[in-house]
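Right, one structure below, let's go through it.
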4 protein chains.
Amino acid sequence: MIDDETKKKAIRRLKIIEGQVKGIQRMVDNEDYCVDVLTQISAVHESLRGVGKVIVRRHLESCVTSSIRGDNPDSTYDELMDIMYKLSR
Amino acid sequence: MIDDETKKKAIRRLKIIEGQVKGIQRMVDNEDYCVDVLTQISAVHESLRGVGKVIVRRHLESCVTSSIRGDNPDSTYDELMDIMYKLSR
Amino acid sequence: MIDDETKKKAIRRLKIIEGQVKGIQRMVDNEDYCVDVLTQISAVHESLRGVGKVIVRRHLESCVTSSIRGDNPDSTYDELMDIMYKLSR
Amino acid sequence: MIDDETKKKAIRRLKIIEGQVKGIQRMVDNEDYCVDVLTQISAVHESLRGVGKVIVRRHLESCVTSSIRGDNPDSTYDELMDIMYKLSR
């Protein structure tokens, strides 16, 4: 479960990402140089990876931990690997 | 240079991304299941790759083409490789 | 700890990768079309991700599980996130 | 077309990769710690990206350049984008 600290951290980062995306809209609207636009797109990927890490860490500490301490962690391994490789693209 | 068609396509996609990011804020605020939040983050990466492709394609057709048809394309090769590997992460 | 089944699976896949890498050496030596060489390089990345998954799965089942069932799983979370993001590039 | 310099550079790097892959086989056979194996797998990905860059650079300088200087570069743009996003995974 997402706790208060994770919520606060994640939402702050998501607000920044929202601002970055609006900034790229302005850049495109101004017909800025393509490479500058692409550099900003790459920065949003980086910010998204940052917020992903906050959520993954919380997920490990809460759901994954209680599942692995329980009797049947197999589905948790599968789910975790699925996330790892989904976020890895 | 970004032309009108690229601008229209890119801005439409960026508005969708803005909506996706706001949606993730709501999910986090509602304390949705971490894996669902991570799946949505992965969807934003995918959408960003989509808008990146629109811009890269235009960049190839305009700047890269005129540079390569010119006398000194070397810096264009470097810049292009830099973009390729920056967006690839 | 790597067990016998993981060892067998991983080594079989690594032998295939060794063969793929030698094949690319021949392609380069024959001056094959660059795009065909790049497609094969991309195939090796995919095979490596396959062997990575075999090892990660085993790691989750063995070390991660025993650490999380123990008293101090914090360093395991860090290590796991480090792996996730290292393999994700 | 791959030229002599590219050939030499690429083959040297591919030999190193072959050695890295054999090294991972030994690590797995010795039942080394999973995280160490995964770190080495990540190093092979990095080496592959290095050889990919050598080939991509040559491809830009030769095939892409002559195609773009010709009359119908459209298929080259498509092929180039296909490579960029294939190698980016």
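This structure is a prediction, so every number in the text was calculated from the model and none was measured.
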Step-by-step side chain to side chain contact (heavy atoms under 4.5 Å, CB included) determination, D:V35 to C:I83: CA-CA 7 Å; D:V35 173; C:I83 293 170; 3.5 Å; yes
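- Residues of residues 63-81 of chain C that come closer than 4.5 Å to chain D, counting heavy atoms only, are C:C63, C:E79, ordered by residue number.
- The greatest number of non-hydrogen atom pairs below 4.5 Å with chain C, out of D:G52, D:S62, D:S42, is found for D:S42.
- Heavy atoms only, all atoms of each residue included: D:V28 and C:I55 are closest at CG2-CD1, 4.3 Å.
- Per-residue heavy-atom pair counts under 4.5 Å with chain C were compared for D:E31, D:M1, D:R58, D:R13, and the maximum is reached by D:E31.
- Counting heavy-atom pairs under 4.5 Å between each of C:D32, C:T39, C:T6, C:V51 and chain D puts C:T39 at the top.
- Contacts between C:V37 and chain D at a heavy-atom distance below 4.5 Å involve the side chain alone, from C-beta outward.
- Counting heavy-atom pairs closer than 4.5 Å to chain C, the top-ranked of the candidates D:L48, D:N30, D:I41 is D:L48.
- In this structure, the portions of D:D29 lying under 4.5 Å from any heavy atom of chain C include both its backbone and its side chain.
- Between the NE2 atom in D:H45 and the CZ atom in C:R49 there is a gap of 6.0 Å [rounded to 0.5 Å].
- Both the backbone and the side chain of D:V44 come within less than 4.5 Å of a heavy atom in chain C.
- Neither the backbone nor the side chain of C:D3 comes within contact range of chain D, judged by heavy atoms closer than 4.5 Å.
- In this structure, the separation between CD on D:E18 and CD on C:E18 is 5.5 Å, given to the nearest 0.5 Å.
- For C:K15, the parts lying under 4.5 angstrom from a heavy atom of chain D are both the backbone and the side chain.
- Scanning all heavy atoms of the two residues, the minimum distance from C:V21 to D:L14 falls at CG1-O, 3.5 Å.
- Other residues, nucleotides and ligands place no more than 12 heavy atoms under 6.0 Å from the NZ atom of D:K9.
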